[in-house]
Amino acid sequence: MKTSLHHLIIAALTTAFAATIATSAAQDWPGYLFDNSHSSHNTLATAITPANASGLVEDWSFIDPQPAPGQPNAGLYSSPTVVGGTVYIGSNTGNFYALSEATGAVLWQQMLGFTTATTCGSGHGVTSTATLAADPVTGTLTVYVGGGDGYLYALDAATGNIVFRVFVTDVGTTQNT
């Protein structure tokens with residue numbers, strides 16, 4: 001899939017997602033498939049139907065910045081997670097972003113590593129979908145996401161600062177710039 005197609009897909013998903021939910025905490029989509037039981041269903045969301053589909057409009061779009069030399073190609077392979085008016089998404093370049101749900105502006109970004117290109121592939125950054133939850137000790141809203149370097153990261157949801165990281169698997173030659 002070409003990078004530009006990824007941008008179109010994420011813009012369409014973000015637009016459809018933003019059109020179907022409000023910004024209240026009851027409307028958050030805090031992890032993969034919505035909740036711990038993976039119901040993929042928010043009872044408070046407004047459904048997109050043939051009758052209202054023509055009224056959808058794009059509020060904003062996010063274009064993943066071009067990578068620095070040595071980084072994998074720009075692209076968004078993970079699903080967005082939305083909590084408290086913030087969209088959290090990882091990039092194939094290894095950057096992880098927090099975006100304003102209202103405007104699409106970058107609130108913060110954090111480098112979470114990437115694998116380098118091999119003779120058979122082009123390397124990869126963050127491809128996992130984040131989950132947000134309160135830290136069990138401090139109660140601070142925390143982003144949990146697999147980095148492109150084989151580590152699981154816990155990030156402060158408000159600042160993007162790394163709370164901790166723990167090694168999960170060897171993914172080959174990695175970079176974390």
Side-chain angles (χ1 to χ4, degrees), residues 1-3 5-7 9-10 13-14 17 25 28-40 42 62-101 104-177:
M1 214 184 274
K2 293 185 178 179
T3 301
L5 182 55
H6 290 292
H7 295 164
I9 290 170
I10 195 66
L13 287 173
T14 302
F17 189 78
D28 290 341
W29 197 276
Y32 182 68
L33 296 176
F34 182 64
D35 55 19
N36 290 340
S37 63
H38 294 183
S39 68
S40 297
N42 183 340
F62 174 73
I63 305 296
D64 190 17
Q66 289 301 310
Q71 283 180 293
N73 293 331
L76 303 168
Y77 300 134
S78 61
S79 297
T81 303
V82 181
V83 173
T86 302
V87 178
Y88 300 90
I89 191 162
S91 166
N92 192 53
T93 61
N95 289 310
F96 188 83
Y97 296 96
L99 309 171
S100 165
E101 184 181 14
V106 176
L107 302 174
W108 56 258
Q109 72 182 59
Q110 180 65 257
M111 170 53 76
L112 300 184
F114 55 88
T115 59
T116 56
T118 63
T119 56
C120 297
S122 62
H124 293 285
V126 180
T127 59
S128 64
T129 299
T131 295
L132 278 83
D135 179 282
V137 176
T138 65
T140 304
L141 188 61
T142 305
V143 180
Y144 298 94
V145 63
D149 58 0
Y151 285 82
L152 171 68
Y153 286 85
L155 309 172
D156 182 301
T159 65
N161 292 334
I162 297 172
V163 177
F164 69 82
R165 72 179 194 150
V166 62
F167 180 76
V168 176
T169 188
D170 183 7
V171 292
T173 305
T174 63
Q175 299 269 333
N176 197 329
T177 55

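Any value given below was found using the heavy atoms of this structure, including those in side chains, with hydrogens, waters and symmetry copies removed.
- When side chains are defined from C-beta on, Asp149 does not count as touching Leu112, because their heavy atoms never get closer than 4.5 Å.
- Contact between Asp156 and Val163 at its shortest, heavy atoms only, is N-CG2, 3.6 Å.
- Applying the side chain to side chain contact (heavy atoms under 4.5 Å, CB included) rule to Leu141 yields the partners Val83, Leu132, Ala157; only residues at least two apart in sequence or on another chain are considered.
- The minimum heavy-atom distance between Gln110 and Asn161, with the atom names listed, is NE2-CA, 4.1 Å.
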In sequence, state the C-alpha distance, the side-chain angles, and the governing distance for Tyr88 and Val145, and then conclude on side-chain contact (heavy atoms from CB on, under 4.5 Å). CA-CA 10 Å; Tyr88 300 90; Val145 63; over 6 Å; no

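- The main-chain N or O of Leu76 is never found under 3.5 Å from a side-chain atom of Asn92 such that the two would form a donor-acceptor pair.
- Listed here is the closest heavy atom pair of Ser128 and Ser78: O-CB, 3.2 Å.
- In this structure, Ala74 and Pro65 approach most closely via the heavy-atom pair CB-O, 3.5 Å.
- The aromatic ring centres of Tyr97 and Phe62 sit less than 6.0 Å apart.
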side-chain contact (heavy atoms from CB on, under 4.5 Å) between Thr93 and Phe114, worked out: CA-CA 7 Å; Thr93 61; Phe114 55 88; over 6 Å; no

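- Heavy-atom minimum distance, Asp64 versus Ser91: OD2-OG, 2.5 Å.
- Here the side chains of Val143 and Phe96 are in contact, with some heavy-atom distance below 4.5 Å.
- Across all non-hydrogen atoms, the minimal contact from Thr129 to Ser79 is OG1-N, 3.1 Å.
- Listed for the Thr169 side chain is no donor-acceptor partner under 3.5 Å among the backbone atoms of Gly150.
- Ring orientation note: the planes of Tyr144 and Phe164 are tilted relative to one another, at an angle of 30° to 60°.
- Going from atom CG of Leu155 over to atom OG1 of Thr142 covers 8.5 Å, rounded to the nearest 0.5 Å.
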What do the steps show when you test Ser100 against Thr86 for side-chain contact (heavy atoms from CB on, under 4.5 Å), and what is the final call? CA-CA 5 Å; Ser100 165; Thr86 302; over 6 Å; no

